[in-house]
Colleague: 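My structure is below; once you've seen it, I'll send some questions.
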Protein chains: 2
Amino acid sequence: MKPREDIQNIYQTALAVFSEYGFQKTTMEDVAGRLGMTKGNLYLYVKNKKDLYHKTVAHALEAWQSRVLEAVAAQTDVKEKFRIMCFKAVEYLAQDNLLRNLLVRDPEIFPMFSDKDPFADINRNSIALIRSIVVQGIAEGVFRPVDPDRISDVVFMIYKMFIIRMYIRAEDNALHDMFEDTVDLCTRGLFTQ
Amino acid sequence: MKPREDIQNIYQTALAVFSEYGFQKTTMEDVAGRLGMTKGNLYLYVKNKKDLYHKTVAHALEAWQSRVLEAVAAQTDVKEKFRIMCFKAVEYLAQDNLLRNLLVRDPEIFPMFSDKDPFADINRNSIALIRSIVVQGIAEGVFRPVDPDRISDVVFMIYKMFIIRMYIRAEDNALHDMFEDTVDLCTRGLFTQ
DNA sequence: AAACAATTAAACAAAATGTTCATTTATTTA
DNA sequence: TAAATAAATGAACATTTTGTTTAATTGTTT
């Protein structure tokens, strides 16, 4: 029998279409056509259109997150882990035209204020990563003994704010500089020590 | 009474929407919304959706053509008129993201092979411009005594081929160089004189 | 040849869209 | 200030599109 279509390929292809046209203007036929199958067949892989969209976005967010995780894991110094985590997240998004364009079209993917976070599970992983670095830093005595849970939420909130402000224009250097200032402020504090 | 909506603004706004989504995925509601009116009202300005699209594209092509015409009119030397006509046409299209993107989405606007040219009237103006330069050049003795009608068609055909090949990637420098070579070949010939 | 897996393409209900037009709102005129 | 005129709204409607389902077909394995 024909090999079953690779679900990763489906998500990646769907991402390209949703990125270009957005959720509403993209049809199941658009995605199926891009995949070289009929729209009826697409329902063997996903439950419905919303399911396809949610899984597509989740897949892209997870891929982005995995790359950051790998970059962090390659560091041994915990301070550098923190810095790398911050900067790589922004850098990798800047490089991902499809995901970035999708975020532009659908800011609800990454809500700043709404309690409804459609990708809460994935974002919890990001917060968990922040938390693990903070815990390690405190254990090694190179971070101040702060409450890891609270600080993780704070860092993630600030990070989200920057992502939301930056993804409209990935090339805004002024904001990029401000991001560096913010990371510097968070890591070194304002007062001399 | 309220001032009637400026038809130029309608075409410019419609161009932005058609450029982003293409003819099929753009709805009358999209355009009307972008204009701050209801879709019902849009029918006071255009006959139907196809009419809106055709007039929108025509308007953009004419604007592009007018810019070239002005650039040519600013020259006095007929050889320079010819060169400026060639290069400015390409340059102005490269600068017009909306029109270029629309051409990418709808190559039928500028058919290479089809006898059906939906904008034949506008293209005839371009050919007429070429012809008037060739006639002037011959009259001044700086162009060889060629058949102006035939050569105008040839030049326009070559020009169209380059536009079609270049508008997919406005930044393709290799093709741009080839275009310069082609203009050079057309104007100076291959043989030493 | 039979069984199983993958896919197609038609069918269908629902939604969306292009278009029309009665009504409303805004502006001008007498 | 009322009437006339112009511009626009928004609901209605016919048509088209789309999301979804599924019987039939095609391809592969046993």
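Labels below follow one simple rule: chain letters A, B, ... track the order of the sequence lines, proteins then strands, and each chain is numbered from 1. No hydrogens, no waters, no symmetry mates; every other heavy atom, side chains included, goes into these values. On a predicted model such as this, the values are computed, not experimentally measured, just so you know.
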Colleague: At what distance, to the nearest 0.5 angstrom, does CD1 of B/I127 lie from CD1 of B/I151?
Modeller: 13.0 Å
Colleague: Can the ring centres of B/F162 and B/Y159 be said to be less than 6.0 Å apart?
Modeller: no
Colleague: Regarding A/Q24 and A/R105, do their side chains bring together a donor and an acceptor under 3.5 Å, going by distance alone?
Modeller: no
Colleague: Indicate whether the side chain of A/Y43 and that of A/N48 have a donor and an acceptor atom separated by less than 3.5 Å.
Modeller: no
Colleague: B/N41 CG to C/dT23 P: how many Å, rounded?
Modeller: 18 Å
Colleague: Less than 3.5 Å between a donor and an acceptor, one on the side chain of A/K39 and one on the base of D/dG19, is that the case here?
Modeller: yes
Colleague: Looking only at the aromatic ring of each residue, does the gap between the centers of A/F179 and A/F87 stay below 6.0 angstrom?
Modeller: yes
Colleague: Rounded to whole Å, how long is the line connecting atom CD1 of B/I10 with atom C1' of D/dA7?
Modeller: 12 Å
Colleague: Any side-chain donor-acceptor pair under 3.5 Å between A/E140 and A/Q136?
Modeller: yes
Colleague: Expressed as a whole number of angstroms, how long is the span from B/L42:CG to C/dC21:C1'?
Modeller: 16 Å
Colleague: May I ask you to evaluate whether A/Y43 reaches the phosphate of D/dT21, defined as a side-chain N or O under 4.0 Å from OP1 or OP2?
Modeller: no
Colleague: Are any of A/Y45's side-chain N or O atoms less than 4.0 Å away from OP1 or OP2 of C/dT7?
Modeller: yes
Colleague: Within residues 48-59 of chain A, which residues have any heavy atom lying less than 4.0 Å from an atom of DNA chain D?
Modeller: A/N48, A/K49
Colleague: For the pair made of CD in A/E29 and C1' in C/dA9, what is the distance, rounded to whole Å?
Modeller: 11 Å
Colleague: Measure from CG on A/D30 to P on D/dT17 and round the result to the nearest Å.
Modeller: 13 Å
Colleague: In whole Å, what is the span from the CD atom of B/Q24 to the P atom of C/dG18?
Modeller: 10 Å
Colleague: Hydrogens and angles aside, do A/D30 and A/T27 bring a side-chain donor and acceptor to less than 3.5 Å of each other?
Modeller: yes
Colleague: Taking only the side-chain heavy atoms of B/T38 (C-beta and beyond), determine which of D/dG10, C/dT19, C/dT8 contains the nearest atom.
Modeller: D/dG10
Colleague: Quick one: on DNA chain D, does A/K25 or A/K47 contact a more 5' nucleotide (nearest heavy atom)?
Modeller: A/K25
Colleague: I need the CG-C1' distance between A/L35 and C/dT8, as an integer number of Å.
Modeller: 15 Å
